Amino acid sequence: MAFFIDNPSFPAGLKVIAIDHDITVLNTIEDMCNRFHYQVTKCNTASDALNLLERKDCFDVMLIDPHMPNMDAYDFVQHVTLQLNIPVIMMAVDFTTSSIMKSIQCGASTYLTKPLVEEEVKIMWQHVVRKGVTENKECEIVESLVVQECRKRGREDDKVSKETNAKKARLSWSPELHQRFLWAVNQLGLDKSRPKMILKIMDVPGLSVGHVASHLQKYRIHLKRSADETKPGKKKTKWSDSSQAEWIDQNRNDDFLAKWIDCGAGSYLHNLMA
DNA sequence: CGCTAAATAT
DNA sequence: CATATTTAGC
């Protein structure tokens with residue numbers, strides 16, 4: 001991506017993957033992309049898309065219709081945004097609030113309605129840039145916990161620890177980190193989730209097993225609370241539905257992994273587990 | 001060691 | 001209070 005942006009001919013050469021069941025739509029997109037010298041790869045089936053990404057072909061940005069046959073596009077988009085870390089642009093015929101909500105919540109960079117207009121295609125590289133910027137910020141945040149802030153431990157051991165006293169800051173679980181955490185838990189299944197494996201799947205530099213273990217403990221407590229809440233005839237719990245909403249993974253799906261395997265993907269997970 | 005629950009700190 | 005870290009015990 002950095003290579004792409006540093007390229008003097010800038011947005012020319014943008015590598016686009018377009019996924020849509022409708023060939024006509026793909027051809028239209030291809031025409032527009034060619035006009036701006038973007039390299040476009042067309043896919044009209046879920047398995048084609050998965051195979052292309054499986055081969056580690058790299059793309060700068062993905063266009064996808066959320067209503068693909070034989071595929072849960074939202075889970076797919078979540079995978080692409082978190083693991084491949086490229087922006088995803090949804091393109092659908094409807095523009096209901098719930099559709100847009102689902103798309104953005106699973107990580108899409110923006111939501112467009114079909115048919116796409118040329119200007120939208122022309123400037124879609126902005127999402128690549130934005131993704132890179134926020135990514136860097138995220139790295140800084142995580143790195144900062146290695147070098148920053150101090151704790152008032154010990155009295156005279158300042159000499160002893162000397163220049164090594166880079167005390168770590170308290171880790172803040174940003175929404176991005178938490179989403180990544182949820183993603184990892186989803187891959188493993190809640191019951192099979194263990195801190196070490198979660199950490200491996202999250203693959204966030206600077207993050208420790210202890211961090212994940214702590215977060216997992218908190219996460220389980222929140223889940224238990226919300227479960228207990230819905231069951232018995234609880235009166236008016238003061239925090240009923242608002243505060244814990246973001247803790248719940250609305251995409252939770254028990255046979256999620258199975259679906260991926262059926263689609264021919266998911267081998268990256270197996271590689272991790274080996 | 002790894003994991004979790006509990007205690008402790010911010 | 002909520003949340004992150006540390007500790008204790010399995």
Side-chain angles (χ1 to χ4, degrees), chain A residues 78 81-83 104-107 134-257 266 268-274:
Chain A
Q78 193 168 32
T81 54
L82 289 178
Q83 301 301 123
I104 300 302
Q105 280 181 156
C106 74
T134 52
E135 170 78 2
N136 289 336
K137 278 182 185 166
E138 222 175 288
C139 283
E140 286 170 18
I141 289 171
V142 178
E143 281 171 15
S144 72
L145 54 94
V146 186
V147 247
Q148 218 194 5
E149 201 42 67
C150 44
R151 277 182 60 201
K152 44 73 195 278
R153 159 179 351 179
R155 350 268 152 172
E156 61 276 39
D157 59 355
D158 3 334
K159 308 289 178 64
V160 182
S161 50
K162 36 190 145 183
E163 62 280 329
T164 316
N165 60 359
K167 327 237 172 101
K168 350 159 205 183
R170 185 190 171 93
L171 169 67
S172 174
W173 281 83
S174 66
E176 289 76 18
L177 266 184
H178 181 59
Q179 206 200 340
R180 226 175 160 85
F181 169 84
L182 287 181
W183 156 261
V185 169
N186 255 343
Q187 302 308 300
L188 295 165
L190 182 57
D191 48 338
K192 287 166 251 164
S193 291
R194 294 293 180 271
K196 199 174 181 183
M197 196 56 74
I198 296 173
L199 178 68
K200 190 172 288 188
I201 294 180
M202 286 182 70
D203 193 32
V204 173
L207 198 65
S208 75
V209 194
H211 290 135
V212 175
S214 168
H215 196 65
L216 181 61
Q217 179 180 36
K218 183 157 60 74
Y219 180 59
R220 285 169 172 162
I221 289 171
H222 277 257
L223 286 184
K224 187 186 298 290
R225 278 183 181 171
S226 53
D228 294 342
E229 218 168 53
T230 46
K231 288 271 185 70
K234 280 297 180 187
K235 317 258 167 123
K236 46 273 180 154
T237 44
K238 52 187 176 183
W239 59 11
S240 40
D241 283 281
S242 52
S243 59
Q244 38 80 305
E246 57 218 69
W247 282 95
I248 312 230
D249 184 358
Q250 50 286 86
N251 283 333
R252 178 126 37 118
N253 189 342
D254 290 336
D255 66 338
F256 177 84
L257 186 55
Y268 77 99
L269 235 195
H270 295 136
N271 292 338
L272 278 176
M273 290 172 170

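First the proteins, then the strands, lettered A, B, ... as listed; each starts at 1. Everything quoted here is computed from the prediction, not taken from an experiment.
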>> Holding to side-chain contact (heavy atoms from CB on, under 4.5 Å), I want the full list of residues that pass it with A:I221, two or more places apart in sequence or in another chain.
In response: A:Q217, A:R225

> Partners of A:R220 by side-chain contact (heavy atoms from CB on, under 4.5 Å), sequence neighbours excluded?
Replying inline: A:R194, A:L216

> Within the modelled atom types, does a donor on one side and an acceptor on the other bring the side chain of A:R220 and the base of B:dT4 under 3.5 Å apart?
Replying inline: no

> Is the backbone of A:Y219 close enough, under 3.5 Å, to the side chain of A:H222 for a donor and an acceptor to pair up by distance?
Replying inline: no

>> If you compare every side-chain N and O of A:H222 against the phosphate oxygens of C:dA2 (OP1, OP2), does one of them come in below 4.0 Å?
In response: no

Roughly how many Å is it from [atom1] in [X] to [atom2] in [N], rounded to a whole number?
| X | N | atom1 | atom2 | answer |
| --- | --- | --- | --- | --- |
| A:L207 | C:dA4 | CG | P | 11 Å |
| A:I221 | C:dC1 | CD1 | P | 16 Å |
| A:K218 | C:dT3 | NZ | P | 5 Å |
| A:L216 | B:dG2 | CG | C1' | 13 Å |
| A:F181 | C:dA4 | CZ | C1' | 14 Å |
| A:H211 | B:dT10 | NE2 | C1' | 14 Å |
| A:Y219 | C:dA4 | OH | C1' | 18 Å |
| A:Q217 | C:dT3 | CD | P | 13 Å |

